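For reference, the structure is listed below as structure tokens.
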2 protein chains.
Amino acid sequence: MTEPTARPTRAQQRRQTEDRILTAARQLFAERGYDRTTIRAVASSAGVDAGLVMHYFGSKDLLFARVTETAPAPDVFQAATGGGAGAEAGELYGGTPDEATEALLTSLGRRLTDEPESSLAVLRSMLTNADAADRYRTAAQPQLDQLTEAIPAPDADLRASLLSAIIHGVIAERYLLRLTNLADASPEQIITLLRPCFESLTTAPADDAADGQG
Amino acid sequence: MTEPTARPTRAQQRRQTEDRILTAARQLFAERGYDRTTIRAVASSAGVDAGLVMHYFGSKDLLFARVTETAPAPDVFQAATGGGAGAEAGELYGGTPDEATEALLTSLGRRLTDEPESSLAVLRSMLTNADAADRYRTAAQPQLDQLTEAIPAPDADLRASLLSAIIHGVIAERYLLRLTNLADASPEQIITLLRPCFESLTTAPADDAADGQG
DNA sequence: CGCATCAGTCAACAGCCGTAGAATGAACGC
DNA sequence: GCGTTCATTCTACGGCTGTTGACTGATGCG
């Protein structure tokens, strides 16, 4: 059936070219941010003409939107499910605060290990591109809500936001700012140091709160 | 003596205009970041011609450098000295870990209260402008070293960097990304929630450090 | 007063940007 | 085979950018 002839159909070739463009765009957006990434540079990096990028994606904004929505991790926290595709993310934080803590730490660990290309594209561009910030905020809200439910405290939403801020701060300072201490440290070191920090945020102030709402 | 005639000397007038330009630049850099801030916009906002900005500052890069080096808080943590100009910053973190924690929290509280204009100019541009990142890293290192000395742990430098990352993450997510939960929260709330977090990083794992930390 | 200095303006240049549209040529359906 | 579709390229336009240099007029100094 499928002959080994290297003659792809037209649709295949288009998709292939689109992918090449998207890959180049993702990398450049991550490296330089939205403003400093030019369509010409993306096209050149993908080995095509700039007009073709326009023809396929319509505009620079739309290209950026495609890059960020295609990004494997637009989420704040993407808990490692261990490969179980059937595991709903909804159950990951639903349990105890301890489970939430470990899920967050695992997510952070993976983000510190993998090359966070597309994640960086979002993170870097969020700070200059209002659309990117909006898109991120919208995408992150359900995840924040979910995390909020796992935290037994009246100010759980603020706690969840702080956890998000900490994670982003660490990633930004390691990859964007490249603070040497953080850039050189191993993910395990970082996780070990942050665990008590996360625990203090996910667990309620059981000491003197006495609000026995749980 | 000094007549109320509004006729300043030439040098005074120049410095006054320079200040106006610097103020406008600081605000615009903070609002839009480096790339989206144009010299023409700065000049227009300061009520002068774009050529004058060039004449005074040489280039956009130099103007940005002046803005960031003039910034009242290029420092990571600027502990509140209570107005004592003679208090050397060197002594602020020199004491116990608890003192360092409180100094960091006070600094964060002030940053969450005041309009962090120039601080944002640095923070926002750091993430897109390589020069700004370098300049920041250089300026922050002594402060990090200082904080490191206050932490009695073998990995004190990493702990200090994490504290810096957390502070920046919170500020960035509140002012740059404007995550609603964080933007609406009061500084006191945030500080209260972060205190145990900071404590866990500034104090050594004296309790259960028995198990070989490798 | 007379000349040098300098704050400040104006017009322009060269370059890069996103984008549009015509042109080309190969792949496709009939 | 023929006309159409479509991937792809080329050229170009208008706008914005940083930057330059000539210009103007008030100010300072001798």
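Values below: all heavy atoms of this structure, side chains included; hydrogens, waters and symmetry mates excluded. Bear in mind that the values here come from a model prediction, so they are computed numbers and not experimental data. Reminder, nothing fancy here: chain letters follow the sequence lines and each chain counts from 1.
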Candidate nucleotides C/dC6, D/dG18, D/dT8, ranked by approach to the side chain of A/L52 - the nearest: D/dT8
Stacked cation flag B/R124 on B/F29, 6.0 angstrom / 45 deg: no
Atom-to-atom span, CD of B/E18 to P of C/dC6 - whole angstrom: 13 Å
Length of the NZ-P vector between A/K60 and C/dC16, whole Å: 15 Å
Presence of A/Y56 side-chain N/O under 4.0 Å of D/dC6 phosphate oxygens OP1/OP2: no
Protein-nucleotide distance (B/F57, atom CZ; D/dG18, atom P), rounded to Å: 15 Å
Nearest-nucleotide comparison on DNA chain D, the residue closer to the 5′ end among B/M54 and A/A50: A/A50
No-hydrogen, no-angle side-chain donor-acceptor test under 3.5 Å, A/E31 and A/Q27: yes
For atom CG of B/D61 and atom P of D/dT17, their distance in whole Å: 16 Å
Over-ring placement of B/R14 relative to B/Y56, 6.0 Å and 45° cut-offs: yes
Most 5' of A/R20 and B/D35 on DNA chain D, judged by nearest nucleotide: A/R20
Shortest non-hydrogen contact between B/A150 and B/P97, atoms and distance: O-CG, 3.7 Å
Earlier contact from the 5' end, DNA chain C, for B/Q13 and B/R10: B/R10
Atom pair distance, as rounded to whole Å: CD1 in A/I21 and P in D/dT9: 9 Å
Side chain of A/I39 (C-beta onward), nearest among D/dT8, C/dG18, D/dG28: C/dG18
Interatomic distance, B/H55 NE2 vs D/dG21 P [rounded to whole Å]: 13 Å
Distance below 4.0 Å between B/T17 side-chain N/O and C/dA7 OP1 or OP2: no
Nucleotide C/dA11, atom P - distance to CZ of B/R40 in whole Å: 13 Å
Sugar-phosphate, base or nothing in reach of B/R14, heavy atoms under 4.0 Å: sugar-phosphate
Of the listed nucleotides D/dG18, C/dT9, C/dA7, the one nearest the side chain of B/D49: C/dT9
Distance in angstrom units between B/R36 CZ and C/dG18 C1', rounded: 13 Å
Shortest non-hydrogen contact between B/A25 and B/V67, atoms and distance: CB-CG2, 3.7 Å
